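Worksheet for the structure shown next.
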Amino acid sequence: MPELPEVEIARRQLESWLSGRRIVSARAPKTRVLRSQRPQRFAELKGRRLQEIERVGKWMLLKFDGGEGLISHLGMTGKWVRRGRDEPATAYLRGTLELSDGHAVDYRDPRLFGLLLRGKIEQLRQLPSFRALGPDPLPGIDADRLHAVLKTTRRSLKEALMDQRVLAGLGNIYVSEALHRAELNPQRRGTSLKRAETDRLVEAIGDSLRNALSEEESDEPITYVEEGGENFFLVYDRAEKPCKTCRTPIKRIVQGGRSTYFCPRCQPRRR
DNA sequence: ACCGCTGTTCTCCG
DNA sequence: TCGGAGAACAGCGG
């Protein structure tokens, strides 16, 4: 489910569930989620207490006492859920932490695209894909750096912003949303960006993420389809529906094998 | 039955 | 060396 806002909500939940409790037992079946690690490695979390959870983009680093850590990436379908004592575990369980307060905290992941990696905190930080992450866009983006990075790539803005080394945490949804708010065409090349456009983009990314985050904080998680057949987003998954700003039908194109949504009038190719 | 999908990583090709 | 396409992973829903 997750791009940055969903992962941030997961981080806060997980922190509230784990803090102040001791892990009484940890178990994980052998799955892709553990990559090459043995289930025993995960089980070593027994006896640990969480100190805090660091988030960079869509990646979480759970830090336990004794310098022990756990990397959690939710992939497409990963989710942490809490369960009371004696409540049955749900399907697709890929890891369980039993806590001293009687709850169990489960990692569920039907499609196994997620990741649970155990190790010393400092060793986990060396993981290549973790190390390569660009800066997290929250609380704020360094506009000078973003402009410099985008100016040197001939890729489209859509593809560049999907690259976790450029900024960590944007995915297919929020790239479309942010480009719409910034009134930038997703097919524009990075090299074509004017500084004022980067500044708009910086604002737009922040607004998109904060807007999603506040929605998730208030109601239930974001509903992809709401009562009126509408969804929460300005453009994402709204092909052929009227732009919420100008009523022009939203277009869907494919970039890097993924759908991009944009308003051809608000986001013209050149302006 | 077929297609698409909120992510990441790899290969192939120009 | 870079960028783009496509595939793989695996399950669900339309």
Side-chain angles (χ1 to χ4, degrees), chain A residues 1-11 29-36 55-60 71-80 90-94 107-117 124 127-134 136-137 149-180 186-192 205 208-209 211-213 215-216 220-226 229 231-241 250 252-262:
Chain A
M1 307 236 206
E3 294 184 32
L4 187 152
E6 295 76 27
V7 177
E8 173 58 19
I9 295 298
R11 186 194 72 77
K30 182 171 156 51
T31 65
R32 258 181 64 81
V33 163
L34 303 184
R35 294 299 189 269
S36 57
R55 181 188 58 71
V56 183
K58 306 169 196 171
W59 295 70
M60 288 188 278
I71 277 190
S72 166
H73 190 296
L74 304 176
M76 288 271 249
T77 54
K79 193 172 190 178
W80 286 96
T90 48
Y92 305 115
L93 190 61
R94 312 306 186 187
Y107 180 64
R108 264 191 100 240
D109 191 348
R111 292 175 72 182
L112 298 169
F113 291 179
L115 203 56
L116 287 177
L117 282 186
L124 292 173
L127 192 73
S129 34
F130 188 80
R131 275 182 65 138
L133 291 173
D136 194 275
V149 170
L150 291 177
K151 283 302 278 183
T152 60
T153 182
R154 289 179 48 76
R155 297 144 98 192
S156 66
L157 294 178
K158 166 72 189 295
E159 299 220 71
L161 292 173
M162 290 283 286
D163 185 339
Q164 301 300 296
R165 296 170 300 185
V166 172
L167 282 178
L170 299 180
N172 208 37
I173 291 180
Y174 294 104
V175 169
S176 277
E177 292 294 289
L179 288 172
H180 178 71
Q187 293 179 297
R188 285 269 302 270
R189 292 185 187 276
T191 46
S192 79
I205 291 169
S208 301
L209 296 177
N211 183 52
L213 213 38
E215 179 75 6
E216 307 233 24
E220 295 309 294
I222 288 180
T223 50
Y224 283 69
V225 181
E226 286 165 10
N231 79 22
F232 167 83
F233 306 110
L234 296 174
V235 291
Y236 182 77
D237 202 22
R238 296 194 64 245
E240 305 307 328
K241 300 205 167 125
I250 299 299
R252 171 187 178 272
I253 59 174
V254 175
Q255 291 177 287
R258 319 290 303 275
S259 293
T260 301
Y261 300 87
F262 70 102

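The structure presented is a predicted model; accordingly, all values stated were derived computationally and were not measured. Order of the sequence lines sets the chain letters (A, B, ...), proteins ahead of strands, with each chain counted from 1.
- Rounded to a whole angstrom, the distance from the P atom of C/dG6 to that of B/dC3 is 14 Å.
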Under 3.5 Å, which protein N or O atoms sit close to an N or O of nucleotides 1-5 of chain C? Give each pair with its distance.
unit_1, atom_1, unit_2, atom_2, d
C/dG3, OP1, A/T153, OG1, 3.0
C/dG3, OP1, A/R154, N, 3.2
C/dG4, OP2, A/E159, OE2, 3.4
C/dA5, OP2, A/G256, N, 3.3

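- Between A/I71 and A/F130, the closest side-chain pair of non-hydrogen atoms falls below 4.5 Å.
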Using nucleotides 12-14 of chain B, report all nitrogen or oxygen pairs with the protein that are shorter than 3.5 Å.
none

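- A straight line from CZ of A/R258 to C1' of B/dG4 spans 10 Å, rounded to a whole angstrom.
- Side-chain contact between A/T260 and A/V175 is absent, with no heavy-atom pair separated by less than 4.5 Å.
- At least one donor-acceptor pair closer than 3.5 Å links the side chain of A/R55 to the backbone N or O of A/G57.
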Dump every N/O contact between nucleotides 11-14 of chain C and the protein below 3.5 Å, one line per pair.
unit_1, atom_1, unit_2, atom_2, d
C/dG11, O3', A/Y92, OH, 2.8
C/dG11, N2, A/R111, NH1, 3.2
C/dC12, OP1, A/Y92, OH, 2.5

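- The closest donor-acceptor contact from the side chain of A/R189 to the backbone of A/T153 lies at 3.5 Å or more, if one exists at all.
- Contact check, A/H73 against B/dT8: a side-chain N or O comes under 4.0 Å of OP1 or OP2.
- When distances are taken from the side chain of A/K58 to each of B/dT8, B/dT9, B/dC5, the shortest belongs to B/dT8.
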Q: Would you check, one step at a time, whether the test side chain to side chain contact (heavy atoms under 4.5 Å, CB included) holds for A/Q187 with A/I253?
A: CA-CA 10 Å; A/Q187 293 179 297; A/I253 59 174; 3.6 Å; yes
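- A/R32 meets the side chain to side chain contact (heavy atoms under 4.5 Å, CB included) test with A/R35, A/L112; sequence neighbours excluded.
- Base pairing in DNA chain C yields stems of at least 3 consecutive Watson-Crick or G-U pairs, both distances under 3.5 Å, namely B:2-5 with C:11-14, B:7-14 with C:2-9.
- The shortest distance between side-chain heavy atoms of A/L161 and A/L179 falls below 4.5 Å.
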Q: Apply the test side chain to side chain contact (heavy atoms under 4.5 Å, CB included) to residues A/E159 and A/L157: give CA-CA distance (whole Å), side-chain angles for both, the deciding distance (0.1 Å), then the verdict.
A: CA-CA 6 Å; A/E159 299 220 71; A/L157 294 178; over 6 Å; no
(Q) Under the criterion side chain to side chain contact (heavy atoms under 4.5 Å, CB included), I'd like the reasoning laid out for A/N172 against A/Y236: C-alpha separation, chi angles, the key distance, then a yes or no. (A) CA-CA 9 Å; A/N172 208 37; A/Y236 182 77; 4.1 Å; yes
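- For A/D163 and B/dC10, the CG to C1' distance is 15 Å, given to the nearest whole Å.
- Taking atom CG on A/L127 and atom P on B/dG7, their separation rounds to 18 Å, with Å as the unit.
- The interatomic distance linking A/L34 (CG) with C/dC9 (P) rounds to 18 Å, in whole Å.
- When the P atom of B/dC5 is taken as reference, atom CZ of A/F113 falls 13 Å away, rounded to whole Å.
- Residues passing the ring pair (Phe, Tyr, Trp, His ring centres under 6.0 Å) test with A/F262, sequence neighbours excluded: none.
- How far CG of A/D237 is from OG of A/S259: 8.0 Å, rounded to the nearest 0.5 Å.
- Each of A/V7, A/L133, A/L124 was checked for a side chain to side chain contact (heavy atoms under 4.5 Å, CB included) with A/W59, and the lone residue meeting it is A/L133.
- Put simply, the side chain of A/F233 does not reach to within 4.5 Å of the side chain of A/S176, judged on heavy atoms.
- Rounded to an integer number of Å, the gap from A/R131 CZ to B/dT9 P is 15 Å.
- Within 4.0 Å of A/R252, counting heavy atoms only, lie sugar-phosphate atoms of the nucleic acid but no base atom.
- Between the P atom of B/dG4 and the CD1 atom of A/I173 lies a distance of 18 Å, rounded to the nearest Å.
- Rounding to the nearest 0.5 angstrom, the gap separating the CD atom in A/E3 from the CD1 atom in A/I173 is 5.0 Å.
- Whole-Å rounding puts the A/L115 CG to B/dT8 C1' distance at 10 Å.
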